[in-house]
Amino acid sequence: MTPVIKVSMLSKTFGARRVLDQIGFEVAPGERVALIGPSGAGKSTLLRQLVGLSHPDRGSPARVEVLGRALSRAGRVRRGSRAERLRTGYIFQQFNLAGRLNVLTNVLIGRLGAMPRMRALCGWFCADERRMALDALARVGIDHLAGQRANTLSGGQMQRVAIARALVQDAELILADEPIASLDPRAAREVMEILERVSREDGRTLLVSLHQVDYARRHCERAIALKDGRLYFDGPIGELTDDRLESLYDNLALDAIGVERDARRRALDVPGGMLGATG
Ligand SMILES: Nc1ncnc2c1ncn2[C@@H]1O[C@H](COP(=O)(O)OP(=O)(O)OP(=O)(O)O)[C@@H](O)[C@H]1O
């Protein structure tokens, strides 16, 4: 099966600082993968590489392939066609909605890339497109808010709009960069449940960066951990033991990264799976 994401020898340097250092991994269709690691480890930089918002170091042997298409090679980005770009949905921590537009229009924006250019320029959406957007809003539980201005929503509702937009885009791959970092615990749980559900039900691949490790354990089957720009762990979520987490986060109290005390007791200490040095 062709991987949805295939990255090899990916390095990214800002000034004198190497933020990503020879990263390599693959993600299979339908996998739900949590991207974790301390602040500044390179998670956002990595996600941005997967949509061409950033390019690898020029002249490096880096290869980034997404949905079977080479996105960058030797530091050069290939933007791809509108249709190709639609296949990846990107969800931001800060929602990225047009605050003055209503919820339905914000969702319909996900269709713009698939519409004839003239109609897209004028923002003329047909009945089928509106129905599709309403269906997507119903799936995330907020179709009753379709006519409300986006900037009047709560953070959790805004993130549901962003997910509905990725659904009308029919994105096969959803990349989410700390989608719950600004949400209260209840909204965070609901948003993660929705992301897991749309991945499970539709077979969409999910790569989500998270600060709170319990959400990774609950909603993802695999974790990729970065530390100081290097791949530190890549394996099944069950192998991400508390000891490994403590070493990943330099002995930061586990409570600080959202690990519940009773979950600590349950965690298995399975050998193998660590790739890099500790500490
Ligand atoms: N455009 C840029 N120019 C210079 N430095 C950058 C740029 N983008 C990111 N960095 C630096 O790269 C490092 C990694 O940043 P990145 O945002 O990828 O980390 P992160 O793991 O997502 O962190 P956090 O969890 O805090 O969001 C940081 O030191 C950051 O300051």
Side-chain angles (χ1 to χ4, degrees), residues 5 7-25 27 32-60 62 64 66 71-72 75-77 79 88-96 155 158-159 162 173-185 188 191-192 195 206-217 219-220 222-234 237 240 244-259 274-279:
I5 300 172
V7 169
S8 62
M9 297 295 287
L10 173 57
S11 296
K12 179 69 184 173
T13 309
F14 291 116
R17 174 138 192 244
R18 183 163 272 208
V19 171
L20 296 176
D21 194 2
Q22 300 186 25
I23 300 291
F25 65 91
V27 176
R32 285 180 306 287
V33 183
L35 183 59
I36 62 167
S39 190
K43 304 180 293 296
S44 298
T45 304
L46 174 58
L47 288 173
R48 289 167 60 79
Q49 298 274 334
L50 302 177
V51 281
L53 286 172
S54 175
H55 57 77
D57 288 341
R58 291 225 190 279
S60 73
V64 178
V66 174
L71 203 70
S72 56
R76 302 229 167 257
V77 175
R79 260 177 79 68
T88 302
Y90 202 94
I91 292 172
F92 299 83
Q93 177 184 345
Q94 292 306 334
F95 320 118
N96 234 30
M158 286 193 196
Q159 212 53 300
L173 167 64
I174 296 179
L175 302 173
D177 193 359
E178 295 182 31
I180 58 171
S182 317
L183 306 183
D184 65 47
V191 164
M192 284 308 297
L195 282 173
L206 178 66
L207 177 60
V208 51
S209 73
L210 292 166
H211 271 294
Q212 286 157 293
V213 174
D214 266 356
Y215 288 104
R217 283 179 164 163
H219 300 284
C220 297
R222 171 178 163 197
I224 291 177
L226 298 183
K227 184 174 185 181
D228 298 330
R230 301 197 72 121
L231 194 62
Y232 189 77
F233 173 89
D234 180 0
I237 202 81
L240 192 62
R244 285 176 176 156
L245 285 171
E246 274 172 335
S247 147
L248 172 65
Y249 289 94
D250 285 331
N251 297 318
L252 194 73
L254 287 181
D255 296 340
I257 50 165
V259 176
M274 294 298 278
L275 294 176
T278 57

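None of the values given here were measured: they were computed from a predicted structure. Whatever order the structure lists them in is the order used to number ligands and atoms, beginning at 1.
Comment: R222 engages D234 in a salt bridge, judged by a side-chain N to carboxylate O separation of less than 4.0 angstrom. The pair D177-R48 does not meet the salt-bridge criterion, since no charged nitrogen lies less than 4.0 angstrom from a carboxylate oxygen.
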Pairs under 3.5 angstrom, nitrogen or oxygen on both sides, ligand 1 versus protein: list them out, please.
unit_1: ligand 1; atom_1: 18 (O); unit_2: S44; atom_2: N; d: 3.4
unit_1: ligand 1; atom_1: 18 (O); unit_2: T45; atom_2: N; d: 2.9
unit_1: ligand 1; atom_1: 18 (O); unit_2: T45; atom_2: OG1; d: 2.6
unit_1: ligand 1; atom_1: 19 (O); unit_2: G42; atom_2: N; d: 3.3
unit_1: ligand 1; atom_1: 21 (O); unit_2: A41; atom_2: N; d: 3.1
unit_1: ligand 1; atom_1: 21 (O); unit_2: G42; atom_2: N; d: 3.0
unit_1: ligand 1; atom_1: 21 (O); unit_2: K43; atom_2: N; d: 3.0
unit_1: ligand 1; atom_1: 21 (O); unit_2: K43; atom_2: NZ; d: 2.9
unit_1: ligand 1; atom_1: 22 (O); unit_2: S44; atom_2: N; d: 2.9
unit_1: ligand 1; atom_1: 22 (O); unit_2: S44; atom_2: OG; d: 2.9
unit_1: ligand 1; atom_1: 23 (O); unit_2: G40; atom_2: N; d: 2.8
unit_1: ligand 1; atom_1: 25 (O); unit_2: K43; atom_2: NZ; d: 2.8
unit_1: ligand 1; atom_1: 25 (O); unit_2: E178; atom_2: OE2; d: 3.1
unit_1: ligand 1; atom_1: 25 (O); unit_2: H211; atom_2: NE2; d: 2.8
unit_1: ligand 1; atom_1: 26 (O); unit_2: S39; atom_2: OG; d: 2.5
unit_1: ligand 1; atom_1: 27 (O); unit_2: E178; atom_2: OE2; d: 3.0
unit_1: ligand 1; atom_1: 29 (O); unit_2: R17; atom_2: NH1; d: 2.3

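The structure places CG of L50 at 9.0 Å from CG of L35, a figure rounded to the nearest 0.5 Å. Rounding to the nearest 0.5 angstrom, the gap separating the CZ atom in R32 from the NE2 atom in H219 is 10.0 Å. For the atom pair L231 CG and I224 CD1, the distance stands at 6.5 Å (nearest 0.5 Å).
Formation of a donor-acceptor pair under 3.5 Å by the R18 side chain with backbone atoms of S11 is not found in this model.
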